Amino acid sequence: MKKKLLFALAGMLWSAFTWAQKAQVQAVYTHESLVIDGKLDEAIWQTAPKVNSFTQRELVLGQPVTERTEVAVVYDDDKLYLAVWCYDREPDKLIARELRRDFNFGLDDNFMLILDTYRDQRNGFMFVTNPVGARADLQVFNNGGSSNAFWNGVWDVKTTITAEGWFAEFEIPFYTLKYRPGTENQTWGINFERNIRRKREQARWQGWSRDHSFQQVNLAGELTGLFALSQKQFVEIKPYAIGGGEVTPGQTRPTGNLGGDINYLLS
């Protein structure tokens, strides 16, 4: 009994130690108006702190990523922005087959982002893009135990491909996310993953062990520097119109329908 108690105590102490050692990336507030075009030429991207310590999960576990990868985070009163530098010495060999929403990102070069906005180490929002700017997103629950792939958040990403690699610029309105508004200084969980398909290489910022899933937000690092965020009400309106024609012997008449959907975030 004493031995079990000692093991339990040791486990708690180790958990507390690893929690205290969480890697961090600092978000920088900006008044600058950002043009979301994937070119990353705004002054703020040159000065914002960058994360660049990506570690392979595949193929060579524990080794640094073979192609330089960097991420920076800034925000303003309304949106969170991320810049991603996916350098590549052979950009002509990038694999990007899809453009559709919620594309099959398992087949393409891609970059993945996950946010644990309540820092509860249980739930989060995941965003994915590829070199041609396709978008996929989902909600994560129970520390990766389940997910909702039908969730479609309001966000955008633009990418560019150059002789140096491919680059992405994310724009995520705060009303797309749920968090604790009014808290003076917030800390969110955050993690990043890059996949280089031709090399079968997968690299993460945190939680790169092969028995860890990217959706396990308890392994994520920390996003700091978020001050006095407010929560704005979210209303999404989707109008639609359908037109056509109906042809019967001796008669042709137009047909159509108008309508729309309204989504309102209650709480």
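Every value quoted in this text rests on a predicted model; they were computed, and no experiment measured them.
- A 4.5 Å side-chain heavy-atom check between T160 and D37 finds every atom pair outside the cut-off.
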Next item on the list: Report the C-alpha distance between D88 and R198 in whole Å, list the side-chain angles of each, state the deciding distance to 0.1 Å, and finish with yes or no for salt bridge (Lys or Arg N to Asp or Glu O under 4.0 Å).
Entry: CA-CA 12 Å; D88 198 307; R198 72 179 184 279; 2.7 Å; yes
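- Closest approach of L94 to W166, counting heavy atoms only: CD2-CD1, 3.7 Å.
- The shortest side-chain heavy-atom distance between T187 and L226 does not fall under the 4.5 Å cut-off.
- Side-chain atoms of R100 do not come within 3.5 Å of backbone N or O of A134 as any donor-acceptor pair.
- With hydrogens and angles left out, the side-chain atoms of Q206 and W208 include no donor and acceptor closer than 3.5 Å.
- Remark: side-chain polar atoms of R197 are not paired, donor with acceptor, to backbone N or O of I95 under 3.5 angstrom.
- For Y29 and H31, the ring centers sit closer than 6.0 Å to each other.
- With hydrogens and angles ignored, the 3.5 Å screen pairs a side-chain donor or acceptor of S213 with a backbone N or O of Q215.
- At least one side-chain heavy atom of F167 sits under 4.5 Å from a side-chain heavy atom of Y87.
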Next item on the list: List the steps and the verdict of side chain to side chain contact (heavy atoms under 4.5 Å, CB included) for F111 and V128.
Entry: CA-CA 6 Å; F111 183 86; V128 189; over 6 Å; no
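- Judged purely by atom type and a 3.5 angstrom limit, N110 uses its side chain to pair as donor or acceptor with the backbone of D108.
- There is no side-chain donor-acceptor pair under 3.5 Å between E193 and N191.
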Next item on the list: Take Y81 and D76, measure what side-chain hydrogen bond (donor to acceptor under 3.5 Å, both in side chains) needs, and give me the verdict at the end.
Entry: CA-CA 8 Å; Y81 305 92; D76 59 20; 2.9 Å; yes
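- No side-chain donor-acceptor contact under 3.5 Å links Q63 and Q56.
- Checking side-chain atoms of E201 against main-chain N and O of N195 turns up no donor-acceptor pair under 3.5 Å.
- Ring geometry for Y75 versus F174: interplanar angle over 60°, hence perpendicular rather than tilted (30 to 60°).
- The environment of CZ in R200 is sparse: at most 12 heavy-atom neighbours from other residues, nucleotides or ligands sit within 6.0 Å.
- A salt bridge is defined here as a Lys NZ or Arg NE, NH1 or NH2 lying under 4.0 Å from an Asp or Glu carboxylate O, and E171 with K79 meets this definition.
- The minimum heavy-atom distance between A149 and D102, with the atom names listed, is O-OD2, 4.1 Å.
- Formation of a donor-acceptor pair under 3.5 Å by the K50 side chain with backbone atoms of W45 is found in this model.
- Distance alone, capped at 3.5 Å, places no donor-acceptor pair between the T176 side chain and the G153 backbone.
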Check: Can you check side chain to side chain contact (heavy atoms under 4.5 Å, CB included) on D137 and R101, steps first, answer last?
Finding: CA-CA 9 Å; D137 50 19; R101 183 70 184 261; 2.5 Å; yes
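- Remark: the backbone N or O of V140 is not paired with any side-chain donor or acceptor of S147 at under 3.5 angstrom.
- In this structure, the side chain of N130 does not engage the main chain of F105 through any donor-acceptor pair within 3.5 Å.
- Ring geometry, F192 versus F54: the interplanar angle falls from 30° to 60°, so the pair is classed tilted.
- A donor-acceptor pair is defined here as one N or O able to donate and one able to accept, closer than 3.5 Å; such a pair exists between the side chain of N143 and the backbone of V217.
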Check: When you look at F103 and R135, which way does the side chain to side chain contact (heavy atoms under 4.5 Å, CB included) test go after all the steps?
Finding: CA-CA 7 Å; F103 69 107; R135 290 180 298 159; 5.6 Å; no
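- In this structure, E67 pairs ionically with K199, as a charged nitrogen and a carboxylate oxygen lie closer than 4.0 Å.
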Note to self: Run T55 and V65 through side chain to side chain contact (heavy atoms under 4.5 Å, CB included) and show every step you take.
What the structure shows: CA-CA 5 Å; T55 304; V65 63; over 6 Å; no
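- Between R210 and E58, at least one side-chain nitrogen of the basic residue sits less than 4.0 Å from a carboxylate oxygen of the acidic one, meeting the salt-bridge criterion.
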Next item on the list: Take W151 and F125 through the ring pair (Phe, Tyr, Trp, His ring centres under 6.0 Å) test and state the conclusion after the steps.
Entry: CA-CA 9 Å; W151 179 75; F125 302 90; 5.3 Å; yes
